[in-house]
Chemist: 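Have a look at this one.
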Amino acid sequence: MLSKLSSQRRRDIGSTAAVLVLLALVLPLALDAFRLNLVGKYLAFAFVAIGVVLTWGYGGVLSLGQGMFFGLGGYMMAMFLKLEASAPELPDFMVWSSVEQLPTWWQPFHSLGWTVAGILVVPAVLAYVFSYAIFKRRVSGVYFAIVTLSLALTLTVVVIGQQGDTGGANGITDFRTLLGLDIASDDAKRTIYFAEVLAIALVMALSLVIVRSRFGKILIAIRDREDRVRFSGYNTAHMKAFVFAVAAVLSSIGGAFYSLQVGLIAPGVIGVVASVEMVIYAAVGGRLSIPGAVIGALLIGFLKSYLSETFPEGWLYFLGAVFILVVWAIPDGLAGLGGKLLRGRAAEAAP
């Protein structure tokens, strides 16, 4: 058993190191500034995919509304950037909507410190309070997924309807500086990219610590037989709510990097389609693999860009077909398929 755990830990470390080498060395050397910026955009969704691995793969909690938290982080970062770009005037979309005074809840976003605090704290609090209330009533499985899906749809409608406060269907756009530095230049985008790679490295390390810890083992037990864990004296609602809150924070961080990389945030990243795509990233990479989640986000992000340009009317069908194929043929994703191939080769090489 110890040797099995040790080999699994070595595989985790090896695959994580390989992903980081790809992100930090290979891609920056191989790609121009435009393509590297696209990778940075895809990498923003990797934060969400890692959170999905924690909640769905290890905790058995499938959320179809992670776009809510991704959007929260993205909008909070965009609000700070927009206020900086508009100072001392109101943001342009507020002027167009005849808003005469900056809304009170916008005021903290004059400060980068408060913005970062909001990106980390607000999604965690909202996710924990909401999910604990649901899990306390022992609502789980497909019912929880439907609730989160409904919330994502509701939030999209609210954001679009509040034109004067959120930019409506167009979202928040037209910002170019961060603390006075031009974030639209190629050098700035490379700097943001490497900051994003550093952040994803820390998130991957933290996630591996979580899943290999005692808490991670209890989380797996909750996924497989929650009733037995509950009878053993554990507060399963609290533990599931905690990991859901962690996933919400990761999604929010991804949303903040998305705003920096893309230069805008719109309701489309909050809605149903975007939230389901985020689950597909984790499913393709492997819902039990932290490094696989990153690879899945990069791969599906690239395919999405390529297919939406080549087949603008049919790429969503392809995305759905990929999800069905993965669930049916390789339920453990690319990481699981790679693990089987490695074990097969090791068995053939053994005397």
Side-chain angles (χ1 to χ4, degrees), residues 47-77 105 108-109 113-156 158-159 199 202-204 206-211 213-223 226 229-230 232-257 269-270 274-275 278-279 282 287 290 293:
F47 291 91
V48 192
I50 292 174
V52 173
V53 167
L54 294 176
T55 55
W56 181 36
Y58 285 91
V61 177
L62 177 59
S63 169
L64 296 179
Q66 292 305 101
M68 294 185 294
F69 306 113
F70 187 87
L72 277 176
Y75 267 91
M76 283 189 276
M77 177 56 73
W105 61 279
F109 298 101
W114 281 110
T115 300
V116 173
I119 290 169
L120 298 176
V121 175
V122 172
V125 173
L126 292 178
Y128 181 85
V129 171
F130 157 73
S131 61
Y132 184 77
I134 297 294
F135 294 140
K136 193 68 175 177
R137 296 177 177 272
R138 301 184 183 179
V139 176
S140 59
V142 66
Y143 301 104
F144 183 79
I146 292 173
V147 170
T148 55
L149 191 68
S150 302
L151 287 175
L153 181 59
T154 301
L155 184 59
T156 304
V158 170
V159 170
L202 295 175
V203 166
M204 292 173 72
L206 176 62
S207 300
L208 288 173
V209 169
I210 290 176
V211 299
S213 66
R214 177 181 175 84
F215 174 79
K217 294 179 176 61
I218 297 173
L219 200 61
I220 294 173
I222 292 174
R223 178 196 67 192
E226 183 177 355
V229 179
R230 190 185 301 114
S232 298
Y234 290 98
N235 186 340
T236 59
H238 166 71
M239 302 184 84
K240 291 197 294 184
F242 173 78
V243 76
F244 185 71
V246 170
V249 173
L250 297 186
S251 298
S252 180
I253 294 172
F257 275 113
V269 299
I270 301 176
S275 295
M278 294 170 188
V279 176
R287 63 191 184 105
I290 303 298

Chemist: How many angstroms lie between atom CZ of Phe130 and atom CE of Met68, to the nearest 0.5 angstrom?
Modeler: 6.0 Å

Chemist: Identify the two heavy atoms, one from Leu54 and one from Ser207, that lie closest to each other, and give their separation to 0.1 Å.
Modeler: CD1-OG, 4.0 Å

Chemist: Do the ring centers of Tyr58 and Phe215 come within less than 6.0 Å of each other?
Modeler: no

Chemist: Minimum heavy-atom separation for Thr148 and Ala145, please, with both atom names.
Modeler: OG1-O, 2.8 Å

Chemist: Has the side chain of Ser252 got a donor or acceptor atom that lies under 3.5 Å from a matching backbone atom of Ala248?
Modeler: no

Chemist: Any side-chain heavy-atom pair from Leu126 and Leu72 closer than 4.5 angstrom?
Modeler: yes

Chemist: State which residues pass side chain to side chain donor-acceptor pair (under 3.5 Å) with Thr236; sequence neighbours excluded, sorted by chain then number.
Modeler: Glu226

Chemist: Mind checking the OG-CZ spacing from Ser140 to Phe135? Nearest 0.5 Å is all I need.
Modeler: 7.5 Å

Chemist: Decide yes or no on side chain to side chain contact (heavy atoms under 4.5 Å, CB included) for Val159 and Tyr75, but give the supporting numbers first.
Modeler: CA-CA 10 Å; Val159 170; Tyr75 267 91; 3.3 Å; yes

Chemist: Gly118 and Pro123: which non-hydrogen atoms are nearest, and at how many Å?
Modeler: O-CD, 3.3 Å

Chemist: When you look at CZ of Arg230, are more than 12 heavy atoms from neighbouring residues, nucleotides or ligands closer to it than 6.0 Å?
Modeler: yes

Chemist: For the CZ atom on Phe242, are there more than 12 heavy atoms of other groups (residues, nucleotides or ligands in this structure) within a distance under 6.0 Å?
Modeler: no

Chemist: Looking at CG of Leu120 and CE of Met76, how far apart are the two atoms once the value is rounded to the nearest 0.5 Å?
Modeler: 8.5 Å

Chemist: How far apart are the closest heavy atoms of Phe109 and Trp105, and which atoms are they?
Modeler: CE1-O, 3.3 Å

Chemist: Give, for atom OG1 of Thr154 and atom CD1 of Ile270, the distance between the pair rounded to the nearest 0.5 Å.
Modeler: 11.5 Å

Chemist: Distance check, rounded to the nearest 0.5 Å: Leu219 atom CG versus Lys240 atom NZ?
Modeler: 9.5 Å

Chemist: Using side chain to side chain contact (heavy atoms under 4.5 Å, CB included), reason through Leu202 and Leu206 one step at a time and then give a plain yes or no.
Modeler: CA-CA 6 Å; Leu202 295 175; Leu206 176 62; over 6 Å; no

Chemist: Restricting to non-hydrogen atoms, name the atom on Leu64 and the atom on Ser275 that form the minimum distance, rounded to 0.1 Å.
Modeler: O-CB, 3.0 Å

Chemist: Could you measure the distance from the CD1 atom of Ile119 to the OG atom of Ser251? Nearest 0.5 Å is fine.
Modeler: 13.0 Å

Chemist: Can you spot which of Tyr128, Phe144, Tyr132 makes a ring-ring contact (aromatic ring centres under 6.0 Å, His included) with Phe244?
Modeler: Phe144

Chemist: Taking all atoms of both residues into account, what is the closest heavy-atom pair of Gln66 and Val52, and its distance?
Modeler: CG-CG2, 4.2 Å

